[in-house]
Amino acid sequence: MSALLEVNSVSRRFGGVEALKDITFSVHGGEIFSIIGPNGAGKTTLFNLLTGVFYADEGSILFNSHDITRKRTFEIARLGIQRTFQNLQIFLNMNCIENVKTACHTRISSGMISGCLRLKKVIQEERIVEKWAMEALDFVGMKDLALAPSDTLPYGLLKRLEIARALAAKPSLILLDEPAAGLNDTETLEMRHLIESISRSGITVMLVEHNMSLVMEISHRIMVLNYGQCLKLGTPTEVQKDPEVIAAYLGEAAG
Amino acid sequence: MRLVGLYIFLAVTIGLGLLFPDNYYVSVVGSTAFFHIILAVALNLFMGYAGQISLGHAAFFGIGAYTSAILTTRFNLNPFVAMSAGAMLTGALSTLLARPILKLKGHYLAMATLGLGIIVHIFLVQEEWLTGGPDGLSGIPPIKIASLVVDTDIQWYFILCAVSAMTIWISLNLMDSRMGRALRAIHGSEIAAEVLGIDTASAKAQVFVLSAVLTSIAGSLFVHQQAFISPDSCSFAFSVELVTMVVLGGLGSTFGAVFGAAILTFLPEFLVHFEELEVLLYGAILMCIMIFLPKGVFVSAVDGVMHLFQRRCVRDVGSS
Ligand SMILES: Nc1ncnc2c1ncn2[C@@H]1O[C@H](COP(=O)(O)OP(=O)(O)OP(=O)(O)O)[C@@H](O)[C@H]1O
Ligand SMILES: [Mg+2]
């Protein structure tokens, strides 16, 4: 297994808060790599650094041997990293399939003028984008809702839609920020199957999640963050046995 | 199906033009409505699609109008050459301004575009040697298509009808294309758009320029129709009126902009009969529309019809 993502001694401060302190790890192609830790541990901040939403104060990030430490968000996306958001960022002004079609942006190339004049190229693109978008919706089981306005969907479906959208961009690495938060037991189980099928389709998954049984059952490796520091990095069994982790997080989560 | 609205628009406007060519409300007010439709649809690309705001679009209208006026009166240039020159000047200026201005958001963007509008207006009033100052420029020649001189109201009606239809066509095309989706995504969530690989700064700049150039072309046509231009036609008030049209009809919908433009053109014509109450009623009607139909007249109406339709479907399913 080769390292798809390498994070080297990355730190990030917000004013006085050290959101991430000297974090080093790498993610291998094909694995499900989870990040857990109490609220405010820096999990979302890590995703923000990986997608160029914020920049690291120190350290470097390598993806597919490209240095992405200072790259802009849309450039990183074009290299093949996609993410979902803890606080959903669906385009509520579009219906489901339009949301997903938007994600095909980097897979097609027509410009604004061609679009305005609806050149032949645009018509061809629209046909193929329609197909890609339906495939992505089908993958998350939302094919029938293609034309539903997104602002009428329940929360659980919006979470799926956001994943479908990320998948339509054909990423090699997907970052899921609390995909099961706010879902009931059935929905959580469905989400687990979805994450597993994403992984099976060859996409590397990084997962932030508070639902411990989900994390422990599907992750290959887990990194535990606490106050911006890496407390432990290992397999689910190793992490569960670690006394420091139990004291800082698992004990509290279990109790 | 995609262009159904456009066909209806063409059927109605061409029908009216053929049936009532001498009616004041058709040929004269109708032509003004077409100008407003072109301008509102162009502004909607920037405001409704991309979710930005401009309180300075009258500046681009003025640049197109004055470039055409000056080049055709002083240099005897062909009106279409002058129009292209105006469009290029507007394109260059808006390209130059787009990046720095569009870094701003919300109120700050409104302030910056407002400033642009005011600067251009002051320039038009002050630089008398070039622009004729507050009195403006007159004696602007009509346009000629082949050997036909366009100077009657109904000729203008049909020409502006064609240009409106083209603008609507462009707007509808853009909606269902790669960059059109990118713009609407920026409106929905700028951060999510970036994460999907959209260069949001560039997309916003491009649509700003597109919108400005269309506005400039409308300005050029306007001076030839009126044979006259003064700074009053490109004032801050006009920018606000354009924004009102877009919002009134329904932000983000091409036909919302069309309806908004039509309503704001015809409403004052009918309120004239109320004499001193005119302005009061005008304001009251706009306020009521925004309070009771916050999504705009057209979008609310479409939503309403869809709702009724869905309810009927549900009832049918329930009873079967
Ligand atoms: N944009 C920001 N500005 C200021 N402080 C921030 C910002 N983003 C994060 N922080 C701070 O950084 C720390 C880590 O936040 P982060 O959102 O990464 O936590 P998290 O692990 O995702 O928590 P949760 O489980 O609640 O989502 C917190 O103290 C937070 O207040
Ligand atoms: Mg978080």
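Computation of the quantities below employed the complete heavy-atom set of this structure, encompassing side-chain atoms and omitting hydrogens, waters and symmetry-equivalent molecules. So that the names make sense, note that chain A is the first sequence line, chain B the second, and so on, each numbered from 1.
- For the set B/V207, B/V195, B/I170, the entry with the most heavy-atom pairs within less than 4.5 Å of chain A is B/V195.
- In this structure, a donor-acceptor pair under 3.5 Å is present between the side chains of A/T44 and A/D177.
- Residue B/L45 does not touch chain A at all, counting heavy-atom pairs closer than 4.5 Å.
- By the 30° and 60° cut-offs, the orientation of the rings of B/F222 relative to B/F61 is tilted.
- Near-neighbour residues of residues 71-86 of chain A relative to chain B, defined by a heavy atom under 4.5 Å from a heavy atom of that chain, comprise A/R72, A/T73, A/F74, A/A77, A/R78, A/I81, A/Q82, A/R83, A/F85.
- Taking the six-membered ring where the residue is Trp, B/F46 and B/H57 present parallel rings, their angle staying beneath 30° rather than reaching 60°.
- Annotation: maximal heavy-atom pairing with chain B below 4.5 Å, among A/T102, A/N99, A/I90, A/T106, occurs at A/T102.
- Using a 4.5 Å heavy-atom threshold, the side chains of A/I195 and A/L207 count as touching.
- Under a cutoff of 6.0 Å and an axis angle of 45°, A/R12 and A/Y55 do not form a cation-pi pair.
- By number of non-hydrogen pairs under 4.5 angstrom with chain B, the leading residue of A/E162, A/Q89, A/H105 is A/H105.
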_Candidate pair B/F158 and B/F34, rule ring pair (Phe, Tyr, Trp, His ring centres under 6.0 Å), full reasoning_ = CA-CA 10 Å; B/F158 282 110; B/F34 285 135; 8.7 Å; no
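- Of the listed residues (B/G180, B/G197, B/A192), the one with the most heavy-atom contacts under 4.5 Å to chain A is B/G197.
- Cation-pi geometry between B/R181 and B/Y49 is not satisfied (NZ or CZ under 6.0 Å from the ring centre, within 45° of the ring normal).
- Ranked by heavy-atom pairs under 4.5 Å with chain A, the first of B/S177, B/G51, B/A203, B/S171 is B/S177.
- For A/E126, the part sitting under 4.5 Å from any heavy atom of chain B is the side chain, from C-beta outward, and nothing else.
- Side-chain N/O atoms of A/S109 and A/K121 include a donor and acceptor closer than 3.5 Å.
- The side-chain heavy atoms of A/E190 and A/R160, taken from C-beta on, include a pair separated by under 4.5 Å.
- Put simply, the side chain of B/T113 gets close to the backbone of B/L109: a donor and an acceptor are under 3.5 Å apart.
- Most heavy-atom pairs under 4.5 Å with chain A, from the set B/H187, B/R178, B/E194: that is B/R178.
- With a 4.5 angstrom heavy-atom cutoff, B/L210 touches chain A only via side-chain atoms.
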